[in-house]
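These notes are about the structure you will find just below.
Each ligand, and each atom within it, is numbered from 1 in the order the structure gives.
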Amino acid sequence: MPLLTAARAVRENAYAPYSNFKVGAAILGADGQIYSGCNVENAAYPEGTCAEAGAIAAMVAAGCREIREVAVIADSPDPVPPCGGCRQKLAEFAAPGVPVTLATTGGATRVATLADLLPGAFTPAHMDN
Ligand SMILES: O=c1ccn([C@H]2C[C@H](O)[C@@H](CO)O2)c(=O)[nH]1
Ligand SMILES: [Zn+2]
């Protein structure tokens, strides 16, 4: 799966000296391109960013605003799930049915939709009045 291969490759570049937990994420954009990102930690811990956030930033910087598919990988006992903040960030650019592949470096995978991960997501529609 090319998306998972990209996520696995970018994970190698993760900067995670504090948690020692390297994460890679890859997004297939509606433009057919693959955008990848890794976590980038900081000595000021809350300033660290998640792999998914990096991949989203790369996609938007390239001019694409629609996510078709996502893959996330880490050296985790179970397929690694995006954190809550990243679920919301993904929901900004992904429809509820978008598949998210959660993976371990050992080869285990699980596929969930964004709606599975973030049911009842807050969206711009909630600001209509
Ligand atoms: O989905 C996730 C979960 C965690 N992390 C990062 C944040 C932090 O650098 C490290 C430990 O939480 O893993 C991600 O990049 N994505
Ligand atoms: Zn996150």
Exercise for the section: Report, rounded to 10°, the angle at the Zn ion (ligand 2) between the two atoms SG (Cys86) and SG (Cys83). Expected result: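 Result: 120°, to 10°.
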Problem - Min side-chain heavy-atom separation Val70-Thr101 under 4.5 Å - result: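 Result no, sub-4.5 Å side-chain heavy-atom pair not found.
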Exercise for the section: Using a 4.5 Å cut-off on heavy atoms from C-beta on, say whether the side chain of Met59 contacts that of Ile67. Expected result: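 Yes; the side chains approach each other to less than 4.5 Å.
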Problem - Amino acids contacting ligand 1, non-hydrogen cut-off under 4.0 Å - result: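 Residues Ser19, Phe21, Val23, Asn39, Glu41, Cys50, Ala51, Glu52, Pro81, Pro82, Cys83 each place a heavy atom under 4.0 Å from ligand 1, listed by chain and number.
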Exercise for the section: Kindly write out the residues that satisfy ring pair (Phe, Tyr, Trp, His ring centres under 6.0 Å) with Tyr18, not counting sequence neighbours, or none if the list is empty. Expected result: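 With sequence neighbours excluded, Tyr18 shows a ring pair (Phe, Tyr, Trp, His ring centres under 6.0 Å) to Tyr45, given in chain and number order.
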Output side-chain donor-acceptor pairs under 3.5 Å for residues 120-129, partner residues at least two apart or in another chain, one line each.
from, atom 1, to, atom 2, distance (Å)
Thr123, OG1, Ala125, N, 3.3
Thr123, OG1, His126, ND1, 3.3
His126, ND1, Thr123, N, 2.9
His126, ND1, Thr123, O, 3.4

Problem - Results of salt bridge (Lys or Arg N to Asp or Glu O under 4.0 Å) for Glu66 - residues two or more places apart only - result: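 Expected list: Arg68.
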Practice task
Spell out, yes or no, whether Val10 and Val72 are grouped together once hydrophobic residues are joined by side-chain heavy atoms under 4.5 Å, including indirect joins.
Solution key: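 They do not share one cluster, since no chain of ILVMFWY contacts under 4.5 Å joins Val10 to Val72.
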